[in-house]
2 protein chains.
Amino acid sequence: MADDAKSPLDRPGQVPEVAVSRLPQYVRALSQLLADRVEVVNSQQLGEMLQITSPQIRKDLSYFGRFGKQGRGYSVRHLLVELQGILGLDHGWNVAVVGVGRRGRAILSYPWFTPAGFRLVAAFDGDPETVGQQVGELTVRPIEELDWAVRELQVRIAIVAVPSNQTQQVIDRLVGCGVRALLNYAPVMPLVRKGVRVQNIDPVLALQSMTCYLASEGLGPD
Amino acid sequence: MADDAKSPLDRPGQVPEVAVSRLPQYVRALSQLLADRVEVVNSQQLGEMLQITSPQIRKDLSYFGRFGKQGRGYSVRHLLVELQGILGLDHGWNVAVVGVGRRGRAILSYPWFTPAGFRLVAAFDGDPETVGQQVGELTVRPIEELDWAVRELQVRIAIVAVPSNQTQQVIDRLVGCGVRALLNYAPVMPLVRKGVRVQNIDPVLALQSMTCYLASEGLGPD
DNA sequence: TAGATTGTTAATCGATTAACAATC
DNA sequence: TAGATTGTTAATCGATTAACAATC
C-alpha cells in the first residue's frame, strides 16, 4: 500500500505468471539444500535438481532482484529467505477447508501445510453428521458459520473439496467474504472475478492427457 | 507402427502439448452436454463452459481433423467419440497403483477412474502389514511382485503414491517394466527418459504460487 | 439464398534460449 | 589477476489471437 513502488511485485504485470509458478519449486529445492547443510548453490546445480535450465532460473530470479554473486552463485539461506518473502510464505496464511468428505478429511489430517507457510484455521461442512467432529486439529463447523468465521479469521485462502454441483456457489460465497486464492478439488472449472486466483487439482485430467501419447505409440493394452 | 501415416498423432511433433492437455477438458464438457441431451454445440458455447476462447478451441481441434459443420457447430456425440478415440480413452487402460498409504487408499477407493477410461488392475505396497488387505476392488500385492505383474497385465500407466525418498526408484522400476505414463503424488520431480510422461500432483506448490499475488496486494493476515 | 460458424492463414504476443558483458 | 557465474540483452521459438475465406 506504500506509495513508493519498490517491490517488483508492486508491478506484477511485468513478471510472467510462469516465472511465479516456478518460485515455489526453487523454495523447495533450497529448503532441501539447507537441510543438507549446503551453503552455496549455482543456477546450474539448482536446475539439475528441478529439471529447469540454468538461464531460465537466472531469468526468473532477475524479475525480483539480484540475489547472486558473479563467479560464485547464490547463498542458499539468503535466496531461500528472499523467495519466501516474495511468495509471502513467511506470513503464516490462515486457510479454511470447505467440505469435509474423504478429500477434505485427508487434507485436514496431513501435516504438510504448516511447514509450507500455511495454517489451517477452520473447516466447514453442510452435513449435520459431520459438523462437530474433530478432524486433525480442528472441529468441523456448520456451513452456516462460514461467512462470519471467514471474515473474523481474515481467511484469504480456501481449499474447496465439495461436490461438483456445489463448487461454484461455495466459491462465490468465499470470494464474497474476502477469500482471494482457492484450491479446488472438484472436476469443474469455477468462474471467478479478476483478482481472484483458482488452482484446480484434477488428477484425472492429468492422466487423460498422457494417454494421448500412449495411444499414438501403439502401446494399447489389447 | 503402420507405414502410411494418416493419424495426426503419428506426427505428434506438430501438435502442441498444450493443445493435447486441453482435449480432456473438451471431453468432459461434451460428456456433460451429452448427459444433458444437448445434440449440437459451437465453439463459443464450449468455450464459455471451460473459459477458453472459441478460436483457441477451433485451433486445437484442427490439429486432429475437421469435426464441425460450418454454420452449425459440432455434433456433441460425434466430437466426443472422436476425441475419446484420439486420447485413447476407449482403450480401457490398465493402471497400477504403487504405495497404499493414505493417498493410495483414497485413489483405490474412489470410483472415478473407470468412467474416465481407466481400469485399476493392481496395487502394490512394501509394508507386510498392508499387503493382503482388500482396498476398494483390489487386494494389495507385495512390492516384490511388481515387475512380474506389471509386465503380465501390460500396465502402461501407474499412479505412484510412495514416500518422496522412494519415488525415483519406484518410477525407474516401473519404466523398466514398460510403464510409459505416471501420476506422481510425492513432492519431488522425478527424472524419466524421453518418451515417458510424468504428471506431478502437487497441491502445496499450487497453493504457494498463489500467495505471491496475495502478498503483493497487501492482503496479509496481520 | 442469407446467416452462421467452421477451419485456416497471418499477425501478435509472450516465454525460452543463446550469448555475452559485468563483476565477484 | 584468472576463472567462474551472474544478470541482461537480443534472437528464437512456440502459442494465442485476429481476421476472414470457405462452406454448411
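The chains referred to below are lettered A, B, ... by the order of the sequence lines, with proteins before strands, and numbering in each begins at 1. Just the heavy atoms: all of them, side chains too, but no hydrogens, waters or symmetry mates, feed the values below.
- Counting all heavy atoms, side chain and backbone alike, A:R193 lies closest to A:V175 at NE-CG1, 4.3 Å.
- Bounding nucleotides for the chain B contact on DNA chain C, 5' to 3', at a heavy-atom distance below 4.0 Å, are C:dA4 to C:dT9.
- A cation-pi arrangement is found for A:R197 relative to B:Y213, the charged atom lying closer than 6.0 Å to the ring centre and inside a 45° cone about the ring normal.
- When every heavy atom of B:S43 is checked against every heavy atom of B:S54, the shortest pair comes out as OG-CB, 3.5 Å.
- Within 4.0 Å of B:R58, counting heavy atoms only, lies at least one base atom of the nucleic acid.
- Nucleotides of DNA chain C nearest to B:S54 and A:Q70 differ in position, and the one nearer the 5' end is that of B:S54.
- By the neighbour-count criterion of 12 heavy atoms within 6.0 Å, atom CZ of B:R77 is sparsely surrounded, having that number or fewer from other residues, nucleotides or ligands.
- For B:D60 and B:Y26, the side-chain atoms include at least one donor-acceptor pair closer than 3.5 Å.
- A:N200 is listed as a side-chain neighbour of A:P190, based on a closest heavy-atom distance under 4.5 Å.
- Residue B:E39 qualifies as open at atom CD: its count of foreign heavy atoms under 6.0 Å is 12 or below.
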With pairs defined as Watson-Crick or G-U wobble and both distances under 3.5 angstrom, please note down DNA chain C as a dot-bracket string, | for pairing with another strand. ..||||||||||||||||||||||

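- Inspection of the B:Q208 and A:R28 side chains reveals no N or O donor paired with an N or O acceptor under 3.5 Å.
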